Amino acid sequence: MQRKPIDLTRLGTLRCAIEPEPRLDMDGEVRRDRDGNALWVTSVAVRQLESRAVDTFDVVTPLKPTGLTEGGEVKITNLWANDWEIDGRKGVSFRADAITPAPVSAPAVSGGTSAGASSARGKGGAE
């Protein structure tokens, strides 16, 4: 199996498509990593920068991501793609150290707030 790091700066906005669920084995038991941590799977959607196309993929993490909501923007830490092949079937799985809600950027403020402007008008009328 070959592990390939994914350069997230080349992707568009990442959003939670389906909230985290335990990753189960064929018997319905929760899968665990080598350290005994339960594995979690989260579906992530990404819009390609050059087009209107949206792709979704499942990302496995060793700890349950918290604070995610469907449709909410997310940040993925240390994402890797892993090629796999079992019984003539093959594909790619994705693994990350963590998935967290993306930090919300504050909107730009220009020239003061409307609350400040209305209180100034109120003072001017009282004098």
Side-chain angles (χ1 to χ4, degrees):
M1 181 179 342
Q2 184 178 8
R3 290 177 34 130
K4 301 171 202 152
I6 304 297
D7 180 5
L8 294 170
T9 62
R10 296 179 52 107
L11 299 177
T13 302
L14 300 168
R15 297 197 178 275
C16 176
I18 300 175
E19 292 181 26
E21 299 174 351
R23 184 169 183 207
L24 305 177
D25 64 16
M26 298 298 276
D27 298 324
E29 299 294 322
V30 175
R31 291 191 64 181
R32 299 190 174 277
D33 65 10
R34 291 184 178 119
D35 298 326
N37 297 313
L39 296 175
W40 293 84
V41 62
T42 306
S43 290
V44 175
V46 61
R47 179 177 174 190
Q48 298 173 13
L49 292 175
E50 309 83 33
S51 71
R52 295 182 47 85
V54 175
D55 292 312
T56 59
F57 56 100
D58 290 339
V59 179
V60 175
T61 54
L63 299 173
K64 181 180 181 180
T66 58
L68 303 184
T69 57
E70 290 185 8
E73 194 171 336
V74 298
K75 177 183 172 197
I76 300 177
T77 304
N78 199 19
L79 181 64
W80 289 82
N82 301 298
D83 295 324
W84 58 267
E85 185 172 349
I86 300 172
D87 297 330
R89 298 177 305 138
K90 53 184 158 180
V92 177
S93 62
F94 296 91
R95 182 94 184 232
D97 290 344
I99 302 175
T100 55
V104 178
S105 57
V109 178
S110 61
T113 63
S114 60
S118 65
S119 65
R121 280 192 298 268
K123 286 181 182 178
E127 292 177 355

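Side-chain atoms are counted along with the backbone in the values below, which use heavy atoms only and exclude waters and symmetry mates. All of these numbers come straight from a predicted model, not from anything done at the bench.
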Quiz item: What heavy-atom pair brings Ile6 and Phe94 nearest, and what distance separates the two atoms?
Solution: CD1-CE2, 4.5 Å
Output a table of donor-acceptor pairs, distance under 3.5 Å, between side-chain atoms of residues 55-62 and any protein atom two or more places apart or on a different chain; print 'none' if there are none.
from	atom 1	to	atom 2	distance (Å)
Asp55	OD2	Gln48	NE2	2.6
Asp58	OD1	Ser43	OG	2.5
Thr61	OG1	Leu63	O	3.0

Quiz item: Roughly how far, to the nearest 0.5 Å, is the CZ atom of Arg3 from the CG atom of Asp83?
Solution: 12.0 Å
Exercise. Could you list all the ring pair (Phe, Tyr, Trp, His ring centres under 6.0 Å) pairs where at least one residue sits in residues 7-53, not counting sequence neighbours?
Key: none
Donor-acceptor contacts under 3.5 Å from residues 74-81 side chains, at least two apart:
from	atom 1	to	atom 2	distance (Å)
Asn78	OD1	Trp80	NE1	2.8
Asn78	ND2	Asp97	OD2	2.8

Exercise. Just grab all the ring pair (Phe, Tyr, Trp, His ring centres under 6.0 Å) pairs involving residues 3-30, residues at least two apart or on different chains.
Key: none
Quick one: side chains of residues 8-31, donor-acceptor pairs under 3.5 Å with protein atoms, not counting sequence neighbours, listed by atom name and distance.
from	atom 1	to	atom 2	distance (Å)
Thr9	OG1	Asp7	OD1	2.5
Thr9	OG1	Asp7	OD2	3.3
Arg15	NH1	Gly71	O	3.1
Asp25	OD1	Asp27	N	3.0
Asp25	OD1	Gly28	N	3.1
Asp25	OD1	Glu29	N	2.9

Quiz prompt | Non-neighbouring partners of Lys64 that pass salt bridge (Lys or Arg N to Asp or Glu O under 4.0 Å), sequence neighbours left out | solution = none
Self-check item: Hydrophobic cluster membership, Val92 vs Val44, 4.5 Å side-chain cutoff
Solution: yes
